[in-house]
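For reference, the structure is listed below as structure tokens.
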Amino acid sequence: KNVGKISLEQIDSLSGKSFPLCMRQIHQSLRENHHLRHGGRMQYGLFLKGIGLSLEQALQFWRSEFIKGKVDADKFDKAYAYSIRHMFGKEGKRTDYTPYSCMKVILSNAPSQGDHHGCPFRHSDPELLKQKLQFYKVSPSGISQILELVKGMHYQLACQKYFELTHNLEDASFSLNHPNQYFIESQKVLGG
Ligand code: SF4
């Protein structure tokens with residue numbers, strides 16, 4: 001229902017304000033490496049579709065980033081465009097894929113070396129997670145609270161704490177179970 005509401009120019013700023021950490025880190029690595037492996041393309045591509053990117057926008061978004069790297073436009077069209085159309089249900093079995101929930105991200109297809117998908121609260125080494133949170137300007141006391149929740153394997157609560165800290169809220173009035181829900185709640189708070 002939100003299709004077409006997001007412009008491609010908004011994505012960088014939205015990623016800093018309203019994306020959950022999993023999507024923020026995928027976006028950052030895509031911008032840095034001009035490439036993403038399959039797991040990242042699926043997790044992030046479906047999330048972007050969920051926040052309102054149309055198929056045409058998605059093709060433009062991925063193509064313009066990939067051709068800044070090692071992939072030329074011709075190769076992009078041959079090797080990657082299909083999988084993006086597929087995500088939108090325009091190829092293959094024409095399933096209209098839905099964005100992954102937190103449980104799916106946390107429990108399936110754990111990232112390996114060189115991957116950027118997954119849930120950073122679940123899949124990042126705590127020391128690395130700490131560095132990421134510092135980099136994103138989370139306060140030391142906030143970081144301790146998050147790491148405590150991670151230690152207790154409360155990954156979604158850790159993410160919710162990250163939401164509260166980055167939105168200056170005492171108590172987020174929702175129970176997080178989906179990255180796209182995170183985005184919607186953030187936009188509500190920020191009046192976007
Ligand atoms: Fe993403 Fe969910 Fe993990 Fe948060 S808890 S980082 S939204 S997968």
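In listed order, ligands and their atoms are each counted from 1.
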Counting from 1, what ligand 1 atoms have a heavy atom of V105 closer than 4.0 Å? 8 (S)

Tell me, which protein residue and heavy-atom name are nearest atom 2 (Fe) of ligand 1, and how many Å apart are they? C102 SG, 2.3 Å

Suppose I only count heavy atoms of P20 and a 4.0 Å limit; which atoms of ligand 1 are within that range? 7 (S)

Verify ring-ring contact (aromatic ring centres under 6.0 Å, His included) between H178 and Y100, making sure each step is shown before the conclusion. CA-CA 7 Å; H178 202 292; Y100 298 165; 8.9 Å; no

Of the backbone and side-chain N, O or S atoms of C22, does one lie nearer to atom 4 (Fe) of ligand 1 than 2.8 Å? no

Looking only at atom types and distance, does a side-chain atom of S108 sit under 3.5 Å from a main-chain N or O of K104, one as donor and one as acceptor? yes

More than 12 heavy atoms of other residues, nucleotides or ligands under 6.0 Å from NZ of K130: yes or no? no

More than 12 foreign heavy atoms under 6.0 Å from NZ of K90: is that the case here? no

Using a 4.0 Å heavy-atom cut-off, say whether F121 meets ligand 1 through its side chain, its backbone, both or neither. side chain

Determine yes or no for a side-chain-to-main-chain donor-acceptor pair under 3.5 angstrom, with Q181 supplying the side chain and S175 the backbone. yes

How close does the nearest protein non-hydrogen atom get to atom 4 (Fe) of ligand 1, and which residue and atom is it? C159 SG, 2.3 Å

Close aromatic pair by centroid cut-off 6.0 Å: Y44 and H116: no

Measure from atom 3 (Fe) of ligand 1 to each N, O or S atom of C119 and report whether any distance is below 2.8 Å. yes

